[in-house]
**Q** 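One structure, pasted below without further comment.
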Amino acid sequence: MKIISQQVLSWYYENKRDLPWRTTNDPYNIWLSEIMLQQTQVDTVIPYYNKWIEKFPTLRQVANSNLDDVLKMWEGLGYYSRGRNFHKSALIIENQHNGIIPLTYDEFKSLPGVGAYTANMVLSIVSKEPRIAMDGNIRRIGFRLLGLKRQTPYNIKRLELWFNKGISKNRPGDFNQALMDLGSSICKAKMVRCDQCPISKICVAFASGSPLDYPCITKKKKTPHYTVATGLIWQEDSFYIQKRAENGHLGGLWEFPGGKIEKNESEIDTVKRKIREECQFEINPEKKIGTIKHVYSHFSISMSLYHCLPIEDIPVKNNGQMRWIKPAEISKYAFPKANHKLFHLLKNQNWNRNV
Ligand code: SF4
């Protein structure tokens, strides 16, 4: 295993990707990058990371910002609970740890949004603790090296012990990052370049001649599709937006009111019903703006939007949960990606209500 560690590290120093968070050992930067990288491609993360560090150069600046500002910076990156938890953690560190990130495993892992993987990765880089950070890439390489097929908890535990025994004691962070780079460039889920792999000599899957058979692929469940209808309620030149509940899907982001269409219900009836239930407004949907489709991680939606007018004047209230805004103000608020597709339709129509 020591030899693997040396080979993996030598390969890494020749081939490592030039990434903005690899130029520092600051736990704030490393932790932020690891949170952003969860479920997200490196190329997508880089501009978000750079913009974030420009706006919030220190964790204290995150703690001193409100959640709306934080979510605005996260807008489009998806999995918004990551941004909300990072903000919560920043507040805890500011209030309970004097602004200093606690770097013992138990304390760090107790922060919102920090799981075993993140704690292992951050501590291996920042404190040089020899901890393997088993993400999907590292796990796949391990299964192939040991010739394991079934992704059972027993096999995963076995692999973790094996890696933790052999991880470089001097450069555990580099070892983890090396395996991650190897997994994203050479030992991919559906494509391998074993001829370029620094550890092919000890790889059981390679020796078998069918490396892609390791590990067995578990079939993905079919994701559900929902049809949704929403309303753009106008009063004079402003329209209504509301904030989603903070602890739910896309929590803390802004949206148009509306919801799922029930069986045998028309889009127009859905818009009227949902706006009555959610906002206690009586409105008339006047003109359809269009329908967009969007795929989330666990489901997909078709979402229609209607220009709506209130039947009676609605008292204008602006607070942390609801706002009346003008089209030019949308960039001040964080909206889900699906809403941005609706904004695109609206821009193409010059926001023309024509009702
Ligand atoms: S030899 Fe092939 S299958 Fe084995 S770790 Fe390297 S790239 Fe993956």
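Note that these values count all heavy atoms, side chains included, but never hydrogens, waters or copies made by symmetry. First listed ligand is number 1; within each ligand, the first listed atom is number 1. Note that this is a predicted model, so its numbers are computed, not measured.
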**Q** Please tell me whether His249 and Phe299 form a close aromatic pair, meaning their ring centres lie under 6.0 Å apart.
**A** yes
**Q** Report, as yes or no, whether the 6.0 Å neighbourhood of atom NZ on Lys188 holds more than 12 heavy atoms from other residues, nucleotides or ligands.
**A** no
**Q** Applying the side-chain hydrogen bond (donor to acceptor under 3.5 Å, both in side chains) criterion to Gln242, which one of Gln321, Glu278, Arg323 satisfies it?
**A** Glu278
**Q** In terms of relative ring orientation, are Trp31 and Phe86 parallel, tilted or perpendicular, with 30° and 60° separating the classes?
**A** tilted
**Q** Trp74 and ring-ring contact (aromatic ring centres under 6.0 Å, His included): which partner among Trp52, Tyr49, Tyr48?
**A**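 Going through Trp52, Tyr49, Tyr48 one by one, the ring-ring contact (aromatic ring centres under 6.0 Å, His included) with Trp74 is satisfied by Trp52 alone.
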**Q** If I only include protein atoms of type N, O or S, how many are less than 2.8 Å from atom 6 (Fe) of ligand 1?
**A**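 For atom 6 (Fe) of ligand 1, the figure is 1.
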**Q** Kindly check if the number of other-residue, nucleotide or ligand heavy atoms within 6.0 Å of OH (Tyr154) is above 12?
**A** no
